[in-house]
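The block underneath contains the structure these notes are about, expressed in structure tokens.
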Protein chains: 2
Amino acid sequence: MNDVKQTIAFRLGTLGAVMQERFASKIEAYDLKPKHVGLMAALKSGTVAASQQDLAARLGVAPSLVVALADHLERLGAVERVRDPGDRRRQTLTLTEHGAALLTRCAAAAGELDDEITASLAASERAALHDTLGRLAAGVGLPS
Amino acid sequence: MNDVKQTIAFRLGTLGAVMQERFASKIEAYDLKPKHVGLMAALKSGTVAASQQDLAARLGVAPSLVVALADHLERLGAVERVRDPGDRRRQTLTLTEHGAALLTRCAAAAGELDDEITASLAASERAALHDTLGRLAAGVGLPS
DNA sequence: TTGACATCGTTCATGGCCTGAATGATACAG
DNA sequence: CTGTATCATTCAGGCCATGAACGATGTCAA
């Protein structure tokens with residue numbers, strides 16, 4: 001035996017891909033992709049106003065990608081770009097009210113997804129999974 | 001709150017991406033990508049000889065991608081293509097000894113990864129995670 | 001002040017991965 | 001034998017993400 005498919009890493013990888021896919025189709029109606037949601041979520045939890053470079057580092061993507069994501073979100077009216085008066089090179093991204101509303105709907109979509117996939121799990125099991133995943137995410141340096 | 005990032009779906013998605021990435025860098029030395037390993041694993045667990053169409057369906061990818069993956073694995077000597085004598089349209093893929101050896105090394109790499117990310121988890125917690133992920137994978141129709 | 005150098009956001013060309021349509025070979029039903 | 005379906009393969013194209021430029025701005029030292 002000693003099967004790759006019996007591995008936590010492999011299962012996380014494949015399950016993660018499926019989740020991304022399903023989540024993407026759920027938020028498609030809002031003209032959003034998972035990365036857009038990730039960016040908005042980072043903006044919401046950010047206490048200080050975030051520069052695009054900061055966000056790129058937090059999300060683990062290239063700065064040029066943040067530009068594209070922000071462009072799209074700005075076009076949707078979900079995000080505003082403001083020049084930092086203290087350092088005029090920086091663009092400060094902030095979530096608009098509409099952006100916050102969108103984010104709420106995405107959270108609801110993710111919640112539905114949770115319910116769907118954990119339907120066959122006991123409540124305690126689901127809670128344990130939630131907790132463990134949070135610890136793992138923190139362990140690999142993902143923003144919580 | 002009601003944060004997207006607190007969601008099981010979102011955490012699975014991001015963690016899965018990280019895992020894929022890390023696994024990819026671990027097997028890079030063997031000139032393999034995660035999808036190659038997925039294909040080999042499907043071959044190993046397949047009881048009956050698998051046609052490429054079957055494999056495409058099992059992996060959830062387009063048949064044309066299986067062609068590319070099989071091409072690469074064949075070049076590495078990990079896989080053999082044999083015409084099905086019963087239906088000469090079909091190519092039957094089988095894992096060679098070298099392929100099996102490669103797969104074992106990939107399983108070892110995934111095992112290391114498991115140890116790394118679950119280092120801060122109790123043994124019981126890790127076992128529970130492994131079990132729950134298995135159930136989830138089965139729930140979304142992933143081959144186990 | 002001025003000049004050298006770093007940093008930010010942006011654009012652009014490029015590469016990788018995957019798909020869907022077209023093709024040729026083979027199977028099979030009538 | 002003929003028409004249709006199924007298989008593997010090829011190929012062109014799309015999408016996503018990156019890295020290398022570039023212009024604008026900031027910083028620091030002389």
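In the text below, chain A, chain B and the rest are named by the order of the sequence lines, each starting its count at 1. All figures in this text were calculated on a predicted structure; none of them were measured in a lab.
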Worksheet item: If you walk 5' to 3' along DNA chain C, what is the first nucleotide with an atom under 4.0 Å of a heavy atom in chain B, and what is the last?
Response: dC17(C) to dA27(C)
Worksheet entry | Where chain B begins and ends its contact with DNA chain D, read 5' to 3' at 4.0 Å from heavy atoms | dA5(D) to dT10(D)
Worksheet item: Using a 3.5 Å cut-off on both pairing distances, which stems of three or more Watson-Crick or G-U pairs include DNA chain C?
Response: C:1-30 with D:1-30
Item to complete: For R83(B) and for P63(A), locate the closest nucleotide of DNA chain D by heavy-atom distance; then report the residue assigned to the nucleotide nearer the 5' terminus.
Response: R83(B)
Worksheet item: Is it the case that Q52(A) and R81(A) place a side-chain donor and acceptor less than 3.5 Å from each other?
Response: yes
Discussion item. Let me spell it out: for each of G60(A) and R81(B), pick the nucleotide of DNA chain D with the closest heavy atom. Which residue's pick is nearer the 5' end?
Written reply: R81(B)
Worksheet item: Are K5(A) and K44(B) close enough that some pair of their side-chain heavy atoms sits under 4.5 Å apart?
Response: no
Item to complete: Just say parallel, tilted or perpendicular for the rings of H36(B) and H72(B), cut-offs at 30° and 60°.
Response: tilted
Worksheet item: Is D131(B) paired with R126(B) through a side-chain N to carboxylate O contact shorter than 4.0 Å?
Response: no
Worksheet item: Under 3.5 Å, is there a donor-acceptor pair between the side chain of R83(A) and the main chain of Q91(A)?
Response: no
Practice prompt. Tell me what Q53(A) touches on the nucleic acid: a base, only sugar-phosphate, or nothing, going by heavy atoms under 4.0 Å.
Written response: base
Worksheet entry | Minimum heavy-atom distance L15(A)-L142(B), with the two atoms named | N-CD1, 4.2 Å
Discussion item. Under 4.0 Å, counting only non-hydrogen atoms across every strand here, what does V61(B) touch: a base, just sugar-phosphate, or nothing?
Written reply: sugar-phosphate
Worksheet item: Judged by modelled atom types alone, do Q53(A) and R90(A) share a side-chain donor-acceptor pair under 3.5 Å?
Response: no
Fill in: Which atom of L76(A) lies closest to which atom of Y30(A), heavy atoms considered
CD1-O, 4.0 Å
Worksheet item: How about E116(A): does its CD atom have over 12 heavy atoms from other parts shown lying under 6.0 Å from it?
Response: yes
Discussion item. Please give me the minimum heavy-atom distance between T96(A) and G77(A), naming the atom from each residue.
Written reply: OG1-O, 2.7 Å
Fill in: Taking every non-hydrogen atom, the tightest pair across L43(A) and A50(A)
CD2-CB, 4.2 Å
Response to the item:
Comparing R90(A) with S64(A), nearest DNA chain C nucleotide closer to 5' gives the residue R90(A)
